[in-house]
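Computed from heavy atoms alone, side chains included, the values below leave out hydrogens, waters and symmetry copies. Chain identifiers are assigned alphabetically (A, B, ...) following the order of the sequence lines, protein sequences preceding nucleic acid strands; residue numbering begins at 1 within each chain. Just so we're clear, the structure is a prediction, and the values are computed from it rather than from any experiment.
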Amino acid sequence: MTNSGSTPLPAEQQDGAFAHMAYVLRSNPVTLLAFCMFAVLMIAAVLGPSLVPYDPLASNAALALDPPSLAHWFGTDSLGRDVFSRVIVATRLDLAISIAAVALSFLIGSVLGSIAGYWGGWLDSILNRLFDTIMAFPLFVLAMGIVAALGNTVENIVYATAVINIPFYARLVRAEVNIRRDAGFAQAAKLAGNADIRVLALHIFPNALPPMMVQVSLNLGWAILNAAGLSFIGLGVRPPTAEWGIMVAEGANFIVSGEWWLALFPGFALMFAVFTFNLLGDGLRDIVDPRQRS
Amino acid sequence: MSLLSITDLKVSFQTRRGEVQAVRGVSLELKKGEILGVVGESGSGKSVTSYALMRLLESNGRITGGALTYDGMDLRSVKESTMRDLRGREISMVFQNPRAALNPIRKVGQQIEDVLRRHAKATRSTAKAEAIKALEAVRINDAEARYNAYPFELSGGMCQRIVIALALACDPRLLIADEPTTGLDITTQKAVMELIADLIAERGMSAMVITHDLGLAAQYCDRIVVMKDGGIVEEGAPGQMFAAPRHAYTRKLVDATPREGTCVRALLPAEQRTPEPDLPKSDTPLLEVRNLTKTYRGKSGPVHAVKGISFTVNKGESVGLVGESGCGKSTTSSILVRLSDPTEGEILFNGEDLALTPAAGFARDPRRAAIQMVFQDATDSFNPRHTARHSISEPLARLTNLSRLDLKARVEELADLVGLPRPLLERFPHQLSGGQKARVGIARAIAVDPQFLILDEPTAALDVSIQALVLNLLVDLRAKLGISYLFVSHDLHVVRLLCDHVIVMKDGEIVEQGPTSKVMETPAHPYTRQLLAAAPKPPVLATSAAE
């Protein structure tokens, strides 16, 4: 509705950032659930090692392959280690790998995508062909190749996961920047004395954040699966480190003989994490988008 | 006998802030063969009334009361399937943005066929011929070739003709036209309105024309209702409404409609009028444009957007740049404000040639602050993530050396200067109305004390009463700050009010330029005459001449 500039302001005040977040959570129970699940994950990652009842690496041959009980909620594995403790402790490593990988691909993808989208021309063509090349590989096989070639370390899992995700970010940012390149506010920013690089970094790029948030959140889920997948086939994290992928891989051998808890619980943890991140996306987008505020 | 009657219609929308009443008890009658104009500013509920009538309200809106009767049928209670049969066949609609109303990936002819087939007005074998006939009915030349065109290949005016052809394909008895000419050029506007009026007369239809332009409604409608805040404030014949408006709001609208023989102060309600300020004038040239040329490389050879134009803007002077879309006025203003480079030509600003500095490097040029611009689309020209305060302070922070505190004070001073209430400074663009955004845009442009301001249709998207306020603000600012304006517009009435000098452009060339009164009263070029003839001519208010 149009008011003339001279009409008095309505009594109600506009929402602040916090009130807006509260509104998004209140109006969307799924987002609220996702945030609660995320909080559980974060608590497990930060406080996990000091909360768990047993040392995740301590073996006890006498207790090997015990089914879930009051003392060992998720049972014990073939070396008598407590599965519950291992599942909780592994959260930190799995989250760290995926967050680091996503942050890296977000950063590199944003820079490359912004450049391609803003300046266009031959730079755009070259970068696009580069992204096409990466995406032409089966991504998991590419990640396997990178880890195998660079060496079997946690850092290399991060790099490999980052590389395969860069094209997704770069393409998204490229499209978002491209449609705003000649927008009125970008021109106004130039009139205000901003050189191209400032217009791009401070005016255009932040407007690409809402859709990026959805991508980040989905990507965190994929990254966790990817890291676990690499460990599952024996690349990256090495036993006896507690990690969901390894635990599923080790437990898989025992499913046939009836010890289902070894693979099931770490598998559940993996599913929980991926599910959380997938649910988180839309809520995160609504929170970073100022236009959603009333 | 009335074809349509709306009695005490109430519509409300469920929003985040609770229920909002958009239409509060509207009653109106539409007789057979009559053209009814529904006039009102944004938020008056005029479009919502028509959408409610078609039962096309958004999902959060509902009709909470009243009756809708079309030809003895109660539209509120009929089944949705009956409604689908009625839409297009009995009641048709022409939408505001023709390009958005057409499916971009289907040929326009096929889209007309769809409607014909849906309402069983044609069979597979006759559809194409019928569609071409419908295109011919809206006077599209070479209809058979146009049948195969996609919407993006057609101009805005041509798209609107297609939309009208679609709406009239099934011979409906009632046509609802929602702002049918907004966004079209003035000569196209005239052609489209005349087409609608002729077709309605030919077919003995009734029509409801929804518009914010009182002048347009007065020219083409038999009867006008004026809406405000979801209710009808006045109803009557156009002549009577202009001569003796009964309601204060109608009076305000009539006053604010720019027309021949008024001055800029007369647009305001009588109690707000202040004496016209003395405008500074001098013969010292500020900006001299010489042989400015811009050629793009297009798919089929070079495109000559601007073909060597020359003109001068003196210090303190206001110059109007008039032309229709595609005439090169936007290209010219973009070059002058140094956002793009000319292919050839000189831009002498205080004697220095600005064209020597490439546009890419001009952002850090010391003369950046001297030339600023107010953008046409107030929504698009603000960063959606920045508050009004942030937007206004941006040029100050980049182009001046003000301290944090001085900067805050300066932003507030600017807000006062343009009449923007200070608390609004903390709002995001989407939380501001059109008029408020226009004020923020002006504040931002004058923040760094420019000598030359380019105004690119700053009031095109505004309601007339808001336009009146903004135009007066611009006049006051010019008097106070001595800024020279280049006022880019397609609205000759507005240019007449604001400019000392007029430049008329067509196809990248200046066809006529001279003092405003001379160009407007004794136009030398046929194109200027054509433009002047196309502008809607509301009946001149008898009393305004006396004032």
**Request:** Name the member of B/Ala369, B/Pro429, B/Pro395, B/Pro384 that forms the most heavy-atom pairs with chain A at distances under 4.5 Å.
**Result:** B/Pro384

**Value rounded to 0.5 Å, distance of NE2 in B/His386 from CG in A/Asn207** = 7.5 Å

**Contact summary for A/Phe185 and B/Phe382, nearest pair of heavy atoms** = CB-C, 3.4 Å

**Complete:** Most contact-rich option vs chain A, by heavy-atom pairs under 4.5 angstrom, among B/Arg364, B/Gln376, B/Glu41, is B/Arg364

**Request:** Search all heavy atoms of A/Leu191 against all heavy atoms of B/Val337 and return the closest pair with its distance.
**Result:** CD2-CG2, 3.6 Å

**Item:** Interchain contact, B/Arg338 with chain A, by part (heavy-atom threshold 4.5 Å)
**Value:** neither

**Asked** Who among A/Asp196, A/Val199, A/Asn194, A/Leu209 has the most heavy-atom pairs with chain B under 4.5 Å?
**Response** A/Asn194

**Interchain contact, B/Glu394 with chain A, by part (heavy-atom threshold 4.5 Å)** = both

**Item:** chain A contact via B/Phe375 - side chain, backbone, both or neither, heavy atoms under 4.5 Å
**Value:** side chain

**Item:** Under 3.5 Å donor-acceptor, B/Asp380 side chain and A/Gly184 backbone
**Value:** yes

**Prompt:** Hey, is OH on A/Tyr159 packed in by over 12 heavy atoms from elsewhere, all under 6.0 Å?
**Reply:** no

**Residue, of A/Ala195, A/Ala186, A/Pro206, that accumulates the most heavy atom pairs under 4.5 Å with chain B** = A/Pro206

**Shortest non-hydrogen separation from B/Ser381 to A/Ala188 and the atoms involved** = O-CB, 4.0 Å

**Request:** Measure distances from A/Arg198 to the heavy atoms of chain B and classify the residue's part below 4.5 Å as side chain, backbone, both or neither.
**Result:** side chain

